[in-house]
Amino acid sequence: MKLAGKIVVVTGGAQGIGAALCERFAQEGAKAVVVTDLNEAGAEAVAARIGGAAMPCDVSHEGEILRVIEHTEAQFGPIDLFCSNAGILVADQDWDNPASAPDDGWARSWAVNVMAHVYAARHLVPRMSARGGGYFLNTVSAAGLLSQIGGGPYATTKHAALGFAENLAIATRDRGIKVSILCPQGVDTPMLHGVARGVPDRDGVLTPAQVADTVIAGLDAERFLILPHPEVATYTRRKAEDPDRWLAGMARLRRGT
């Protein structure tokens, strides 16, 4: 997909990867970039910087995602690319027990990291199918392919997000709808800074702008799997080839954190 002339929505667009995506899409000549976030002031600041539009949105509520879709299409036209980028990381309360996060943390993780993707597809797939195509970019994280040390809810919900994206790609492929998933490791964002332990950065921490560059290349090639850290492909292959050895290696990594 070429971004020039396209109408794009980015959730979680007020900071971090989301803001970098908005900026880069505008640079690529998108017709409209709609910046959505719980942080309305932050979304408005990004929109003002790039000449886009801001809309408040709590992606854990289906009605708010539907409102963004309807308002965007009424104001600008059919959405070409919907980026489900908003995400949260709930850490384990007990480092030694990945089930220790409270129920509300698990529920919020499920709502934001999984159901937000479902809600967007629920309302956009029929629209995109009727007009012959469209594109979903879902930020999943390398945690969805591998795991997240110290973050049971995050790893679990990101695996679920991967499963949904795969199913979405399979089901809509013959209707001209494309799906990509963005799976970085460490990125210099507030989420990374908020985790004291367990975030692997041995392959380097990227800037959001570097991630956005990788996204542009991935969308241009229409690749399902976009890996800002190419090492993740090797780790994923090793995990598939020898799960027991991979688990042992992750346990060693955990001991070293």
Side-chain angles (χ1 to χ4, degrees), residues 10-19 21 36-43 56-68 82-122 136-168 181-201 205 208 211 232 239 247 250-251 253-257:
V10 180
T11 70
Q15 61 184 359
I17 293 173
L21 290 176
T36 78
D37 205 287
L38 265 176
N39 178 359
E40 187 173 359
C57 183
D58 180 346
V59 298
S60 68
H61 295 286
E62 181 175 5
E64 295 206 20
I65 290 180
L66 177 57
R67 174 181 52 78
V68 167
F82 193 96
C83 303
S84 286
N85 170 74
I88 61 170
L89 193 159
V90 173
D92 304 331
Q93 286 195 341
D94 178 352
W95 176 252
D96 292 321
N97 188 347
S100 61
D103 285 355
D104 61 350
W106 281 93
R108 181 70 175 166
S109 297
W110 184 261
V112 174
N113 295 346
V114 182
M115 293 308 299
H117 299 196
V118 174
Y119 298 147
R122 179 175 291 163
F136 293 95
L137 171 67
N138 293 350
T139 300
V140 170
S141 163
L145 297 167
L146 301 167
S147 193
Q148 176 62 54
I149 295 169
Y154 189 73
T156 301
T157 54
K158 290 299 187 175
H159 275 68
L162 169 63
F164 178 71
E166 290 175 342
N167 202 266
L168 178 62
I181 58 172
L182 174 59
C183 297
Q185 291 192 112
V187 182
D188 187 11
T189 66
M191 180 182 289
L192 180 70
H193 300 158
V195 179
R197 305 170 70 185
V199 177
D201 60 3
V205 174
V211 174
V232 171
K239 177 183 177 182
L247 287 168
M250 290 295 287
L253 179 62
R254 177 185 179 276
R255 287 194 295 271
T257 58

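No experiment lies behind these values; they were computed from the predicted model shown. When a residue number appears, it is its place in the shown sequence, counting from 1.
Between Gly105 and Ser109, the shortest heavy-atom contact is O-OG, 2.8 Å. Across every non-hydrogen atom of Ala143 and Lys158, the tightest pair is C-CB, 4.2 Å. Contact record, Cys183 with Val140: SG-CB, 3.9 Å, taken as the closest heavy-atom pair. Residues Gly87 and Val112 come closest through the heavy atom pair CA-CG1, 3.7 Å. Summarising the geometry of Ala142 relative to Val232, their closest heavy-atom pair is CB-CG2, 4.0 Å, with the distance given to 0.1 Å. The two residues Val59 and Tyr119 make their nearest non-hydrogen contact at O-CD1, 3.9 Å.
Looking at residues two or more places apart in sequence or on another chain, you find a side chain to side chain donor-acceptor pair (under 3.5 Å) between Asn85 and Thr139. For Thr157, the side chain to side chain donor-acceptor pair (under 3.5 Å) test picks out Asn113, with sequence neighbours left out. For Asp58, the side chain to side chain contact (heavy atoms under 4.5 Å, CB included) partners are Leu38, Ser60, His61, Glu64, Arg108, not counting sequence neighbours. With sequence neighbours excluded, no residue forms a side chain to side chain contact (heavy atoms under 4.5 Å, CB included) with Leu247. Applying the side chain to side chain contact (heavy atoms under 4.5 Å, CB included) test to Ala14 and every residue at least two apart in sequence or in another chain returns Asp37, Asn39. Contacts of Asp96 classified as side chain to side chain contact (heavy atoms under 4.5 Å, CB included), with partners at least two apart in sequence or in another chain: Asp94, Arg254. For Glu62, the salt bridge (Lys or Arg N to Asp or Glu O under 4.0 Å) partners at least two apart in sequence or on another chain are Arg122.
Partner of Leu162 under the side chain to side chain contact (heavy atoms under 4.5 Å, CB included) criterion, chosen from Asn167, Asn138, Val114, Leu145: Leu145.
Between Pro184 and Ile17 the shortest side-chain heavy-atom distance falls below 4.5 Å. Within the 4.5 Å cutoff, side-chain heavy atoms of Asp92 are placed close to those of Pro153. For the pair Met250 and Ile149, the minimum side-chain heavy-atom distance is below 4.5 Å.
Atom CG of Asp103 is surrounded by 12 or fewer heavy atoms from other residues, nucleotides or ligands within 6.0 Å. Other residues, nucleotides and ligands contribute at most 12 non-hydrogen atoms within 6.0 Å of the CH2 atom of Trp110.
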Stepwise side-chain contact (heavy atoms from CB on, under 4.5 Å) test for Phe82 and Thr11: CA-CA 8 Å; Phe82 193 96; Thr11 70; 3.9 Å; yes
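Separating the CZ atom in Phe164 from the NE2 atom in His117 is a distance of 9.0 Å, to the nearest 0.5 Å. For the atom pair OG (Ser84) and CE (Met115), the distance works out to 11.5 Å, reported to the nearest 0.5 Å.
Side chain of Thr36 to backbone of Pro56: no donor-acceptor contact under 3.5 angstrom is found.
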